[in-house]
Amino acid sequence: MVNQVYKALTIAGSDSGGGAGIQADLKTFQELRVFGMSALTAVTAQNTLGVQGVYPLSVEAVEQQIESIGTDLGADAVKTGMLFNADIIQAVAKKVKQFGWRRLVVDPVMIAKGGAPLLQEAAVSALKTHLLPLAMVATPNIPEAEVLTGMKIRTLEDRQEAAKQLHKIGVTYVVIKGGHDDVENAAVDLLYDGREFSYFKGARIETRHTHGTGCTFAAAVTAELAKGRSVHEAIKTAKAFIQAAIENELGIGNGHGPTNHWAYRQKWMS
Ligand SMILES: Nc1ncnc2c1ncn2[C@@H]1O[C@H](COP(=O)(O)OP(=O)(O)OP(=O)(O)O)[C@@H](O)[C@H]1O
Ligand SMILES: Cc1ncc(CO)c(N)n1
């Protein structure tokens, strides 16, 4: 007998270097035993040193890929990453509504670690108007939460206030990640569900190999949601997944290397 197959779709950009974007998402889905599908929004020429080129796809190409998946395979959960421009964002929102996808994780990717823009400035308002209100979970890092709310986030109280604002926009569960906030050698992610705050804490690891941490974390949340887990459970697993992936660095490339997507599985096998 075939076990139940859970399916997740990622709508994002390709990272030729394999550490972030579509590649990180599909690897993470696979590691968590979820069948991964993809709709590409852009191709990036990228490695551990930076982004050398960004080549967006047409709106038609994005829509058709989603249509092909939605009309046949279906998806138990959907993640968005790099969407690049307002037209693509609107098209993705339209398709998410068309197929009634409720388990939607929006990772509002804006800039790569080296500073290269992965979202046009004019597209921020499209994200707020069209896509975030459909999100079950949104996973901004602190700089992204600042852009989305127009706030400066310095303290934990600021982060809580930003989470409340994003909840008002229509995000059901807001996660503001703490990778950029060094508090007592910990990396603490905050979750707001509209009523209370929860905190997911991990030891901060001193490493330069953090390329794709955000994509990998959000992909792990998506995979767990595809299996029907609660948002709290999904974030707990995602935090353990990214912690193992950062701790067991691969040390490849000459710059900010990728995380280790198979570390979490090895931890349970050894
Ligand atoms: N040095 C670190 N040690 C431990 N955990 C970390 C570290 N850096 C990031 N994390 C964790 O990794 C996850 C992703 O967080 P981060 O804030 O780095 O995302 P991001 O900035 O969106 O990543 P990306 O560079 O891929 O865009 C979070 O769970 C965060 O707590
Ligand atoms: C394609 C792509 N998506 C997301 C990120 C953010 O890590 C990246 N560097 N590249």
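This is a predicted model, so every value here is computed, not measured. Counting starts at 1 for both ligands and their atoms, following the listed order. When reading the values below, keep in mind they use all heavy atoms of this one structure, side chains included, and skip hydrogens, waters and symmetry mates.
- In this structure, the protein non-hydrogen atom closest to atom 21 (O) of ligand 1 is H180 NE2, 2.6 Å.
- Here the protein heavy atom with the shortest distance to atom 25 (O) of ligand 1 is K113 NZ, 2.4 Å.
- Here's the thing with F217: none of its N/O atoms is less than 3.5 angstrom from an N/O atom of ligand 1.
- In terms of protein heavy-atom proximity, atom 5 (C) of ligand 2 is closest to L118 CD1, 3.5 Å.
- Among all non-hydrogen protein atoms, the one lying nearest atom 9 (N) of ligand 2 is Q46 OE1, 2.8 Å.
- For the pair T10/M37, no side-chain contact is recorded, criterion being any heavy-atom separation below 4.5 Å from C-beta on.
- Between V137 and V106, every side-chain heavy-atom pair lies at or beyond the 4.5 Å cut-off.
- Considering backbone and side-chain N/O of K177, one or more are found under 3.5 Å from N/O of ligand 1.
- Atom 12 (O) of ligand 1 has its closest protein heavy atom at I242 CG1, 3.6 Å.
- Closest to atom 3 (N) of ligand 1, if we only count protein heavy atoms, is I205 N, 2.9 Å.
- Listed by number with element, the atoms of ligand 1 under 4.0 Å from a non-hydrogen atom of A187 are 4 (C), 5 (N), 6 (C), 31 (O).
- The shortest heavy-atom distance from C215 to ligand 2 is under 4.0 Å.
- For S14, every heavy-atom contact with ligand 2 shorter than 4.0 Å involves the backbone, none the side chain.
- Here the side chains of P258 and I252 are in contact, with some heavy-atom distance below 4.5 Å.
- Atom 6 (C) of ligand 1 has as its closest protein heavy atom I246 CD1, 3.4 Å.
- Contact check on D189 versus K236 returns no salt bridge, with no Lys/Arg side-chain nitrogen under 4.0 Å from an Asp/Glu carboxylate oxygen.
- Contacts between V51 and ligand 2 below 4.0 angstrom, taking non-hydrogen atoms only, are absent altogether.
- Taking every heavy atom of H211 and a limit of under 4.0 angstrom, the matching atoms of ligand 2 come to 9 (N).
- With hydrogens left out, the protein atom closest to atom 8 (N) of ligand 1 is G179 CA, 4.0 Å, a heavy atom.
- Relative ring orientation between Y192 and H167 is described as perpendicular, the plane-to-plane angle rising above 60° on a 0-90° scale split at 30° and 60°.
- In summary, the atoms of ligand 2 found under 4.0 Å from a heavy atom of V109, numbered by their order in the structure, are 4 (C).
- In this pair, H261 and F241 present their aromatic rings tilted. The plane angle is within the 30 to 60° band.
- The distance criterion of under 3.5 Å between nitrogen or oxygen atoms is met by T213 with respect to ligand 1.
- Contact between A20 and ligand 1 is absent, with no heavy atom of the residue lying under 4.0 Å from the ligand.
- Under the 4.5 Å side-chain heavy-atom criterion for Ile, Leu, Val, Met, Phe, Trp and Tyr, I66 and L40 are members of the same hydrophobic cluster.
- Clustering ILVMFWY residues whenever any of their side-chain heavy atoms sit less than 4.5 angstrom apart, transitively, puts L57 in the very cluster that holds L131.
- A salt bridge links K227 to E224: at least one charged side-chain nitrogen sits closer than 4.0 Å to a carboxylate oxygen.
- Between H211 and Q46, the closest side-chain pair of non-hydrogen atoms falls below 4.5 Å.
- Ligand 1 lies less than 4.0 angstrom from a heavy atom belonging to A203.
- Salt-bridge annotation for E146 and K152: present, with a side-chain N of the basic residue lying under 4.0 Å from a carboxylate O of the acidic one.
- The proximity of R204 to ligand 1, defined as any non-hydrogen pair under 4.0 Å, involves the side chain as well as the backbone.
- In this structure, the protein non-hydrogen atom closest to atom 30 (C) of ligand 1 is D189 OD1, 3.6 Å.
- Scanning the protein for heavy atoms near atom 11 (C) of ligand 1, the closest one is K239 NZ, 4.0 Å.
- For ligand 1, the polar-atom distance check against N141 finds a nitrogen or oxygen pair separated by under 3.5 Å.
- R208 places none of its side-chain heavy atoms less than 4.5 Å from the side chain of E249.
- Among the atoms of I111, none of the N or O lies under 3.5 angstrom from an N or O of ligand 1.
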